[in-house]
Structure formats: C-alpha cells, structure tokens
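Note that the numbering runs from 1 along the sequence shown for the chain. Just so we're clear, the structure is a prediction, and the values are computed from it rather than from any experiment.
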Amino acid sequence: MLRSNPAKKVAFITLLSASMGLFTANVAAQEQPFELGVTKVSNGDVVSYQGECFKAKNSPGTWEAPKSGSWFWDQITCSNDTVEPPVEPEPPILEPEPPVTEPEPPTTDIPSDVTPFVLGETRVVNGDVVSYQQQCYIAQNNPGVWEAPKAGSWFWKSTNCGSTTEPPLTCTLPEVLIDNQCVIPPVECPDGSSAATAEECPVIPPVTCPDGSTADSVELCPPAKVVCDDGSVVDDIAQCPVTPVTCPDGSTAGSVADCPVTEVPTSMTVTSDGKGGYLIPRAEFVAIEKSLTSGELFDLVRSDTVTLDNASVEAVLPLRAANPENVKRAESIVDEALWEFLFPIRNPAYTYNRFLQAIAKFPAFCRTYTDGRDSLAICKRSLATMFAHFVQETGAHAPNWEGALGNPEWRQGLYYVREVYKSESDTTGPYNKCTGWAGERWPCANKSYFGRGAKQLSWNYNYGPFSEAMFGDKMVLLEKPELVADTWLNLASAVFFYVYPQPPKPSMLHVIDGTWQPNAADKANGIEHGFGSTIQIINGAFECGKGSTTAQAKARIAYYKEITSYLNLDISGEKLDCADMKAFDTAGAGALEVYWDKDWGWDANTPGNHSFKCKLVGYQTAYSAWTAGDYELCVEDNFNVQATDANGEIIPK
C-alpha cells in the first residue's frame, strides 16, 4: 500500500523590532471550499470544510469528506489572506462582572425504543435510530459496527431524540441517502466531469482499439483479431484452421476426440531404432490417451476450463453492452459501488474492471445453467465463497489499525497483492523448484515465484500451467511473474483456482453448483456440501480435520457469514466448518487423476518386458492429461522412445 510523505508546514518568521517581538503566521493561498460529491482535488490541495481546513493526501475522491484523522486528509491551520503585525494592547477597562448563569444540563430524555449504540457490537440497517453520547442518529448507507455515529458522517444523520415517529427513509443500492432523499450519486467520467450514469459521460474520441485503429468508443472498435496456432489471423477463434492429428487407424482428424473409435491396444508395438532406443506408432499413443481421458467427469472439467481469448477479455468494461453474459450476471450482483464497499482498503491493483475481466476469462464462472439450476443463486454463492477466501488470504487483519479506516476485518480483503516482505527484485526463494522434473518442464527464469494476486499463486510449477492456460505459452509468466500482481491476472489467478480441480479434490465450482455430489466415501470422511468443503479444498491440510475449528477456518467462516448476510444469501443448512473433515481421497466422487507418470507394469511381448506405457496419477508431474500429446511425451521420456507415422518414419519432436 502506498503511503504519502507527511505534508511540510511552511512558516515565515519575521523579525520586527525589540518592542514588537516575534510573531509567526502560516501564509498560503486562499483555501478552496470543499463541496461533497462535487469538488475534485489532487494530493497537496488545501480545502476548507465546515469551518476547518485540510490538505489532501492518498488521492481522495469527491465523496471522501474532509475530517480529522482521515486517511485522505491532514487537518491544518487555516491561512489568512494578510498578515498584520500585532497591536499593542490597551489597558483593560475594569467593569463589574456579569452575574453567573448556570448552564442548562444536556437533554438526556432519550426514548426507551431508541437503541444505544455500542462501538464494535451494535449492528443496524438503514433507517434504524440509535443513541450515542447523549445524541440520536439515523443509520444510512449501511454502517458497520465500527462506524461511530457523529454529525456530518456518511453513515449517520443527526435526529431529534424525541422525534422517532416518522418512518426513516431506506435506500437500496445504488441509491444513497443524501439530505433525506434517495439519490444515485454521480459518477466521475474519464474527462474529469460528473454525470448521473456512466452512459451519460461525454465521449473522448478517439480510443485506441486492439488492432491499433481508433474509434469514438471501445464498442465501436473492429472485432478483435485472433492469432491462430499456425500464425494466421482471423476474426474469431472458430475460424482458425484445424491442425490435424493422426488417428489410430491412420486417418487424420481435427482433434483426438474426433478420431474414429478403434480398439485400444493391450500391448504396444515396440521396435528397435538401432541406436539403443525404441520406436512406437503415434496412432497407438493417440488411442491409449483417448481411452484414458474419456468419460463424463473429464468432459465436464474440460467444458468448465474453456477460456475466452485475451483480446475479448481486455475489451471488457463496467456496464459495457457487449460484455459476456457471465460478466453481466456478476455485475448485477456486485456493481462498482458494492465492490468499493466490500474492499475499501484494497491494493490499487485490484480494480473493479480487472475483477470483471477475470470473470470474463472463464465463461463457466457465473454461467447460465440450462438444466433447471438457479444461475443467479449459484453466481451469488460463488462470489461470496471466493470473497471470503480473498479476505483470509490477502486481508489486512487489523481491526484497530488506523489504516483500516474503521472498516471491520471482513471488509479488509485484497489488501496485499504480493506476499509480505517480498519484492520483484527477489530472484531466488523458497518457491523456486528449479531442478528435477519441475525445473525441466517449468524452468526458472531468474525470477522468484512467491505469492502474488488474490490467490497468492506460488511456485514455478504453478506459474507455468497458469501461463499456459492464459497465453498458451508457459514462459510468459515464468519470465514475467509480476504480471500476476500488476494486471487482471491478479484476480484471474483466483478464478483459475476456482474452476480447476485439484485431484482427488473436486473444483470449487463443482462443489458450489452441485455438479459434485458426495458419495459414501466422501460422507464417511465427513465431507458434505457447504462452505466447509471449500476450506478443505483451499487449505485442508492445515485448517481441517483437527477435531476443533482452527483459528484460520473460524475466520473464513466469519467472513463468509458477513458477506452472505450482506448479499441476502440464505446459507441455512450449509456445513460451514471442516473440523471433522478428513482429506478428499481417491474413493471420493471428485477423484479425477489428471497427470501422467511411468507405468511400472510388466509386458511379456515387449523388449525387456517393460510396459512402454504411462498411467494417470493424482499427484503433479511434468505431464498433464489436459494437454494433448503429453501422454506420448511421458512414454518417450521414460522409455527412450520416438513416435513414428503411418509409414514407419520417425516424427520429429
């Protein structure tokens, strides 16, 4: 988090005469009156507000009212337009003292139906009337338990303690209560002006489109071009030419899945290459890979991990008419005002626009279900689950810290974008596995792969696969891991984790949307539907199965309850805790082995009686079942094999 330097006070000391003495004054330009919701300032600007003066810091917006102790303002002494020398005092004229009048005692007649406000405890909704320090206030704009009632507050409106007969006015987002009226606060336009809505902002032509051309708005840009695997450029990925694969019967097809169904060989056709190595027909590799990666669960996960091209992702903007359907659904639940409310002290790198882009990258997140499931409810529960884990993983966790601006812990998420005490100047560290299979497949590039982003992505063997999913190239993020902190990838990395399974664990997506249904083995391990199973997925080895609720799990549950309550999400019946949950195992309903490793089996018909095969395993290796052709690579690397085509010729790697 960036911290500004303390403002320097400037004083001119003027020496007059021995009889006049010394005097000091602050001389500055006339302060600018601050009007809430209108006045725009830059760091260092001086304003006056309610008879006091303040200097701006930390880039306040038009709705951050100046006040003492604010994160955005330093209170200073108001300046004078002119500095006059002191006047010699004249002798006082003694007059009789006026009679002393006893002040009237403060009014303490507070009605019994007014709730006393206790800081840190009392919860209210808009319109509730409370008493605090012998004064009464009406709640507005959803105050939390740490927003102390006071005059001029954004969250409270002063009221007469005896006047509680009129029903208080309650506003619904995006409206807020101003001067006892529900209004939609103006938005700040890109040109610095204000408008009622983003659509009414003036257009600032031109904008630069992804293809380098210009247009009056992003919506008017030409469709983003897609670069195909063969280097050709088309308007849509569906127009890319298909690179054919060789099927087991010698024919070609667009993908392994399109090959004709053939009998899977029980024994490999292995011949010597005359140099100490072996040759195997590629058709046999393709047939075995297809047979081992076919099935309902594999197909479900494949469909859930489909990604949108990056050009379309980067075109996403709040309230843009052309936004993907899943993004619009997420926007309907969490708009920009709510994002600001839920994460008020977040790192500036976590923007609302990047949040929408992260969702856009994965169309399965907040998608439309056509089988009767409630798409809106699933999206809301997905967001609440993810946000609760955000708070635990990247929150400030400092309820009494001044920098928290009075916000409770559940609203302190996304404070960290990089692991504490780590910086981009680090080139080595405990997260660099640069030797063995991990180093060969996911080579370190003189970088440190410490935790970055909302999920705190760590290790080179996680940066590499994430890079392949985002760019089709493992080296992009291995060479530039800082992109996971400084771009929309800081939130996309969390959605990536949400939609991908971690065998034998199911994906969080399948837990939330009901695709995963616990079987007898899961239930025997205490694993059931609910937030608790997502804790088991994200950090079960440390936070679950301990017999009692760990501090970390307790915090996650507390954040989840607060967020779901605010989103009006019913979580009754959910199993929230994981204290009695054992780990997911290979007998569970979510077990899906997705990595290839050497099959140490025996085959009587091959040289040396080796299997010349690989098998699916539940632990991470250099070869993934999600990457076509990795089965062949696994066999080649483990058995000194080269693949041959239908004519018996060696296929170059």
Applying salt bridge (charged side-chain N to carboxylate O under 4.0 Å, His left out), which residue pairs with at least one partner in residues 355-366 are found, sequence neighbours left out?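 Listed once each, the pairs would be none.
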Run the numbers on E562 and R123 for salt bridge (charged side-chain N to carboxylate O under 4.0 Å, His left out), then give the verdict. CA-CA 11 Å; E562 292 280 8; R123 297 182 182 278; 2.8 Å; yes
Within 45 degrees of the ring normal and closer than 6.0 Å to the centroid, is that where the cationic atom of R418 sits relative to F450?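 Because its charged atom misses either the 6.0 Å distance or the 45° angle limit, R418 does not stack over F450.
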Over 60° means perpendicular and under 30° means parallel, so tell me whether [X] and [Y] are parallel, tilted or perpendicular.
X    : Y    : answer
W516 : H529 : perpendicular
Y560 : F531 : parallel
Y461 : W459 : parallel

For the rings on [X] and [Y], is their centre-to-centre separation under 6.0 Å?
X    : Y    : answer
Y415 : W401 : yes
F54  : F34  : no
F365 : Y498 : yes

Nearest non-hydrogen partners of V306 and P363, listed with the distance: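 The answer is O-CD, 3.2 Å.
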Between CE on residue M470 and CG on residue L483, distance to nearest 0.5 Å: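 It comes to 12.5 Å.
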Under a 4.0 Å N-O cut-off, is there an ion pair linking D45 with K40?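 Between K40 and D45 there is no salt bridge, as every charged N stays at least 4.0 Å from the carboxylate O atoms.
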